[in-house]
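Read the structure below first, then the notes.
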Amino acid sequence: MDKETLQQFEAQCFQEEPPACQTSCPLHLDARALAACLSAGKAAEARKILDRHMPLSGLSAYLCEGPCQAGCRRQELDRGLDLPLLERYCLSRTRAARFMAMPPTGRKIALLGAGLSSLALAWELARKGHQVRIFHQGPPGGRLRALPEDRLPEKALSEALEGLGKLKAALAETLYSPEKFKEIQADYPIVFLGGDDPELRPDLIGLRRADIQPDPTTLLLAGGRLLARPPLEDGGHRYIDDLAAARRAAGSIERLLQGVPPDSARAGEEVYATRLQVNLEGVAVKEPAPPADPRRPTEAEAAAEAGRCLQCQCLECVKNCVYLRHYQGYPKKTAREAYGLISTAFGIHTANTMVLSCAECGQCREICPNGADLGRIIGLLRQQMVETGHMPVSAHEFALEDMLFSNSIAFFRHQPGRTRSRWLFFPGCQLPASLPRAAARLYEHLSGHLDGGLGLMAACCGAPARWSGRPRLTEESAAFIGRAWAEAGRPTVITACPSCTLFFQDRLPDMPLKSLWTVLAELPLPEGAVTGPPLALHDPCSARMDQATRKSARDLMAKLGQPFSEPPLGGRLTRCCGYGGLASAANPGLADDFARDRSADTEAPLAAYCVMCRDRLRAVGHPTLHLLDLLFPEKSPAEALKRPGPGISDRQENRRAFRLNALKEFWAEEPEEDQAMDVTMHIPEELAELLEKRRILRSDLAGVLKAARAEGPQFVNRETGRHLACLRPRQVTFWVEYSPRADGSFDIHDAYGHRMLVPGVPGEGADSAASREGFDPMGGRR
Amino acid sequence: MSTINRELPEIKAGGWRCRKCGRDLQPVTVDLTYVGSSFRVELPGCPDCGLVFIPPELALGKMLEVEKLLEDK
Ligand code: SF4
Ligand code: SF4
Ligand code: SF4
Ligand SMILES: [Zn+2]
């Protein structure tokens, strides 16, 4: 993934955009942060924010009219936050930080007029070390002097002037005249006219009012070295505009001094509408409580007002994604962090697990007002990890081995008695793994109703290869299916699993597809179909964009007469069960939290039409059944809701059984029985659970035991008499501690594996990362 | 990678002996390899044929930890 892709994506997530209060403040004061400090009682911290954004904060904060209040999102609910009140409170409790002026630059700037704009500008410039002189007529402060004490304490002005003095900004009382003005212009390369000081009348310095029309962006007048806050029209004056003018003029002057065009890079200085999206749904109305003395709010009053701030954020997608919450991120941040960590050539790749834990489920994209799709970026980052050799080998290996296992027993047959298929039923790898008998009954049902021949193909679609970020393996897997489909005569493929549908749409675009659920909804109900208690219908994330399939599932429920409800966040916004993107392979604990989130959505038992969703939701304890449990029941719905999903070994054995039984039942074939399991093992239940967690298959144990039966175990215990045998059939070494029984079977005491290569261990498995994709398909169990 | 050696917990042979050679296990030096990195450690093994014994606590503990570390490099 290149930097540009990242930047384009970052631009799509608006979480870091400033809140509305800030973009409607001409000084872009961070009101959100200020309110956060004050509601936490941190006045000193709040003062630092004021000082950072406001020139001469001790004076200006009394004066600002608070245009942010109208921009504040609370205004839509009750009243915008009273920032002027909070600022006054801050001033009453704190002192301005001492600012150190930078070393003198020797650059001279003259300011005419001593109104607020000149004072503020003097402060900005003097701090930078420039030599500032304010030429004024009459006492400095201009119209500020006329303000009543309760609007502006006199002390505030005198302290501001004192502060300017400390910064060596000199005040020079003068009598304005055209000659004086010329003299000043001759002495000072840059001159500012503070027209908000009523003493500075244009005619006094030989100008007409019409001459003072500065460029709105730079405040420069023709000639390029005279700037102005234009003289005030009657009425409509705001002190905040004086401050904004000072800020703007300071920006222009800095550019002039550095020889940069004064209008360069000035976007965003003005007041604008933020792009930050804030969801106000469910926010309670909370009218402000006016303070007893508005000029001097108490700490509690200030904290109460500050507490009304919503701390505006977007995070809409984060609220609903357990992955983003877990990593305390949001799409922009998570993408940036992951990209940074993945792209570093050196050091520890701590982001690996983070990148591998996203379910690539597309929920964030559908929730985001801008369609920011983190899952897509994660997919690209995984590919990058594979390309640069940073993909941890172990993360997806089991899932990929499982996929290859499915394909090692893949088969295709035309419908019995036919040589052509108009249709092809593709149950995928997980339906036969979880519901092998229902899958067989389903084939029977479909083939009895569809015209033109219904072939059957059992295999894995290849989606796990793509989730694992391995382009070559993805290509090979898709090609494997593509070839078989072409040989079958390019029939319309009926997919049971929406993930297969997605994968084929993407990789085999010529393949005509029809969802099993649409087909079933169109056919008569199978005999023996039952209904259960009221259920909540869970849509799999892979059907998020597949409105037709989602509708068919509902049609089918209705046809069946099965009462059902919609859980929150269904349809296009549905939650992932944690299997998506192989999240459950790389981060099983977090993946379970995905399922728990869904479980928490509803009290009702769930119905799923993706078998992985069904098994994963059941695994976190939520009563869940699969639609096929109703259509082709083996047990009552009540039992189906509680049926535990099969373990990893059962899944493979179920696939084997599905194949054997289908070939026998439908095609009257006598397939050779599989040799893998001709070892009888006795495994205590607790150990069986451990093996599940360690992802060790019963067939792995059988392999070790068969080798030990032929060659003898590696170790024997002289105290317990137990045997210990090891074998490295692939990129994992397995150790099995066991006792042989007289009847040739084995008591298993323990089994474990490691990926490190230990010399002397028999078996063909090499060191990991044998190929660039870190996973050599040919090294798999075939 | 020699640091790994020092960090290894002490592994007890726990009564195991080599089936082929009939020898009790003694500390032997062996090179372990993972994703292309090799390092030398001392583990209980057969003094004759050199095969080392990997107990579950080593495979599921320190070894797993080092595997993850090397994968994340
Ligand atoms: S609620 Fe707070 S963060 Fe949001 S606009 Fe108002 S002051 Fe700003
Ligand atoms: S898990 Fe789904 S919602 Fe969460 S970030 Fe990944 S793709 Fe987005
Ligand atoms: S919904 Fe998520 S991705 Fe979209 S702007 Fe908000 S935080 Fe960013
Ligand atoms: Zn030996």
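Atom set for the values below is all heavy atoms of this structure, side chains included, hydrogens, waters and symmetry mates excluded. As the structure is a computational prediction, the values presented were derived from the model and not from experiment.
For V30(B), the part lying under 4.5 angstrom from a heavy atom of chain A is the side chain only. D24(B) touches chain A through its side chain: at least one heavy atom from C-beta onward sits under 4.5 Å away, while N, CA, C and O do not. Using a 4.5 Å cut-off between heavy atoms, E711(A) contacts chain B through its backbone alone, with no side-chain atom that close.
Put simply, the side chain of N717(A) never gets that close to the backbone of R17(B): no donor and acceptor are under 3.5 Å apart. In this structure, the side chain of Y752(A) engages the main chain of I54(B) through a donor-acceptor pair within 3.5 Å.
Between V393(A) and E71(B), the closest side-chain pair of non-hydrogen atoms falls below 4.5 Å. A heavy-atom distance below 4.5 Å is not found between the side chains of L757(A) and L32(B). Using a 4.5 Å heavy-atom threshold, the side chains of M756(A) and T33(B) count as separate. When side chains are defined from C-beta on, R722(A) counts as touching W16(B), because their heavy atoms get closer than 4.5 Å.
For the residue pair A59(B) and G753(A), the shortest heavy atom distance occurs at CB-O, 3.8 Å. Pairing each heavy atom of P56(B) with each of D750(A), the nearest pair is CG-OD2, 3.6 Å. What you find for E719(A) and G14(B) is that their closest heavy atoms are OE1-O, 4.3 Å.
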> Are Y34(B) and R755(A) close enough, and set up right, to give a side chain to side chain contact (heavy atoms under 4.5 Å, CB included), and what steps lead you there?
Replying inline: CA-CA 7 Å; Y34(B) 192 55; R755(A) 309 178 51 81; 2.8 Å; yes

>> Set out, in order, the CA-CA distance, both residues' side-chain angles and the distance that settles side chain to side chain contact (heavy atoms under 4.5 Å, CB included) for Q714(A) and C18(B), then state yes or no.
In response: CA-CA 6 Å; Q714(A) 277 67 28; C18(B) 179; over 6 Å; no

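For NZ of K333(A), the number of neighbouring non-hydrogen atoms (other residues, nucleotides, ligands) closer than 6.0 Å is greater than 12.
Put simply, CZ on R19(B) and CG on L724(A) are 12.0 Å apart, with the number rounded to the nearest 0.5 Å. Atom-to-atom distance recorded for L60(B):CG and K693(A):NZ is 12.5 Å, nearest 0.5 angstrom. Taken to the nearest 0.5 Å, the CG atom of L25(B) stands 5.5 Å off from the CZ atom of F715(A). Distance check, rounded to the nearest 0.5 Å: OG of S394(A) to CG of L64(B) gives 8.0 Å.
With chain B as the partner, the residue from A751(A), P713(A), C726(A), G760(A) showing the most heavy-atom pairs under 4.5 Å is P713(A).
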